[in-house]
Amino acid sequence: MIAFGLLGATLLASRGWAKSLTRSIRLDHSLLTLLTTLALSVGGVTTVMLYIGLGNLPLGIATVLPFYAMVMGMGWVVMWRSTPITPLVTMRVPAVFWWITIPISIAIVFNGMYWGFYRDDTLGIYAPFAQELFHTQRLIPITPERNLYELYPQLASMSAAWVYWIAGNDFTPLATLPTTLLSIGTLGATYLLSERLLGKVGAVVAVFCLATLPDFGNWASSGYVDLPMAFYYTLALVWLLEWERTQSWQAALVCGLLFGWSVWTKNAALVAISLFFTYAGFLLTQKKLSLNTCVIAFSAVMIVAAPWYLRNLVLAGTLTPDTVWAEDAQQGIRTVFALITLPINYGIIGWILQVSVFFTGWQVIFPTYPSVFFPARRTALFLLFWTTPFFMLWLLFASYDPRFLLLYIPLLAVMAGWFCEMFWMTWLQSWYRRIPISCLKHFILFCLFAGFILFSMWHSIDYKHEILGQPFASYDDKRTFIAQERQR
């Protein structure tokens, strides 16, 4: 319980900064504050660890905690001493958002805390690195013999190592909780981006599509870094829109930090950094962003991301390891339309996502349904700009693994929210109103809604038979079972 409390304090430590930053853009939004707190806390503590390690100082609570507490304590001082800028725009999250996210999140957190690290790559990469950080209190060394997975960004491993130091041992299932919470945060980030672009109705639909996607529940508690990267990427786009709206240097700073932490989570986000520099540079030439705020945003990216990749370049001669099996990639119909040809991964939601992609492309040619923030064509181009390069690179080099689509699938969910809202208003609403028995049609909708939620909860928990058979198994028994499953 002490470890759990200390971890909670770590994750909430940046609330002072988050509250001050949302105030600076004249916005009172509890969900945005909560997700920004989570992003700043996990990103902040691991970045502090990185800089301490680069300074050749021993890692551990004794060295990391004072620096982390000092940085985050400054945020609380700023919040207490600053007067809220008025008038603040207060935005509420509809109750249906919580009806969707809370049950599924409970199932995901339970699965992560019950099993801990249990997937192949987490047991082969992230967990061993976290244990090595815990025992050696040094950065993972890069040598000619260790220059492959050691070049991977370390946010996941360092966050797990931080949990080990808090717990005092390296055999706690709490180690996956930071990445699990980041994965769940993707639901909130999807809502915020959809709300900014589409409004509340489209945002709720987008969250429902993402939350009930089979692959979301499959990977959210796994300890993998795909969904955590998607969280930082999606939330960065939310702050990018706030930066564009307010021209605030604070929004530019947070936007840059979030993009930096996305690439500190997974090296595939180097694509996101390239897109960010291109997008912001274009708006700068159009005088829609100021040079000063662009410098702040770009500097924030480099402060967070540059040290690790410069270290890789100096010690290994490359930014990223050669771990993409491009020779296994296939560019056939099955991979082009993976959202509908892989029902185990995407289910019926995959069909909605695929149609929504076509709908978004159609809006570029025939802009008919404007969003809240941009005209229809600009909204479509915005969503396609941040997704198409990822899809093309996946198709050409990494289509052997559909898991990599999770990196940008929140944006596809935003497209789905846009399409479903349009489809409802144009076609289904009038038909639905003509159904004579009002209570019956509402009951049918409720059953569909509850059925999807319950199925997603069930799907998010692995090895259910073993849990039911031995719900209070010891950590060693769980490790033994996982080892046997891996051997099979």
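Along the sequence shown, residues are numbered consecutively beginning with 1.
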*Which of parallel (below 30°), tilted (30 to 60°) and perpendicular (above 60°) describes F455 and H459?*
parallel
_As an exercise, state the distance from OG of S221 to CD1 of I108, rounded to the nearest 0.5 Å._
6.5 Å
*asked:* Using a 3.5 Å distance criterion without hydrogens, assess whether the side chain of T22 forms a donor-acceptor pair with backbone atoms of T33.
replied: no
*Give a yes or no on whether the backbone of D477 and the side-chain of S474 come within a donor-acceptor separation of less than 3.5 Å.*
yes
*For Y233, the option from W264, F390, Y408, W239 that meets ring pair (Phe, Tyr, Trp, His ring centres under 6.0 Å)*: F390
*Backbone of A338 reached by a side-chain donor or acceptor of T335 within 3.5 Å*: no
_Taking atom CD1 as the centre, does I344 end up with more than 12 heavy-atom neighbours from other residues, nucleotides or ligands that are less than 6.0 angstrom away?_
no
*Are more than 12 heavy atoms from other residues, nucleotides or ligands located less than 6.0 Å from atom CG of L310?*
yes
_I want to know whether Y279 and F259 have ring centres closer than 6.0 Å._
no
*Which class fits the ring pair Y191 and F97: parallel under 30°, tilted 30 to 60°, perpendicular over 60°?*
tilted
*Going through the checks in order, is the side-chain contact (heavy atoms from CB on, under 4.5 Å) test met by L139 and M49?*
CA-CA 9 Å; L139 292 181; M49 292 170 64; over 6 Å; no
_From CZ (F276) to CG (L258), nearest 0.5 Å_ = 9.5 Å
*Counting N and O atoms only, with roles assigned by atom type, does the side chain of E195 sit under 3.5 Å from a partner on the main chain of L193, one being a donor and the other an acceptor?*
no
*Could you tell me whether a side-chain N or O of S41 sits under 3.5 Å from a main-chain N or O of L11, the two making a donor and an acceptor?*
yes
_Spacing of Q137 atom CD and W165 atom CH2 [to the nearest 0.5 Å]_ = 6.5 Å
*Full working for side-chain contact (heavy atoms from CB on, under 4.5 Å) between I140 and E132*: CA-CA 7 Å; I140 305 299; E132 185 171 350; 3.9 Å; yes
*Pair R196 + E244: basic N to acidic O under 4.0 Å*: no
*Mind running side-chain hydrogen bond (donor to acceptor under 3.5 Å, both in side chains) on W261 and T46 for me, showing each step along the way?*
CA-CA 10 Å; W261 281 321; T46 55; 5.1 Å; no
*Check whether any side-chain N or O of W418 sits under 3.5 Å from a backbone N or O of A206 as a donor-acceptor pair, and report yes or no.*
no
*Check ion pair D215-R403 (N to O, under 4.0 angstrom)*: no
*Does the separation of the ring centres of F481 and W115 fall below 6.0 angstrom?*
yes
*asked:* N111 vs Y118, test: side-chain hydrogen bond (donor to acceptor under 3.5 Å, both in side chains). Steps then yes/no.
replied: CA-CA 10 Å; N111 190 67; Y118 68 101; 3.1 Å; yes
*Please say which of T320, T323, T265, D121 ends up in a side chain to side chain donor-acceptor pair (under 3.5 Å) with Y152.*
T323
_Under 3.5 Å: donor-acceptor pair, side chain of S399, backbone of Q330_ = yes
*For the side chain of T47 and the backbone of V304, is there at least one donor-acceptor N/O pair under 3.5 Å apart?*
no
*If you measure from CD1 on I467 to CZ on F110, what distance do you get to the nearest 0.5 Å?*
4.5 Å
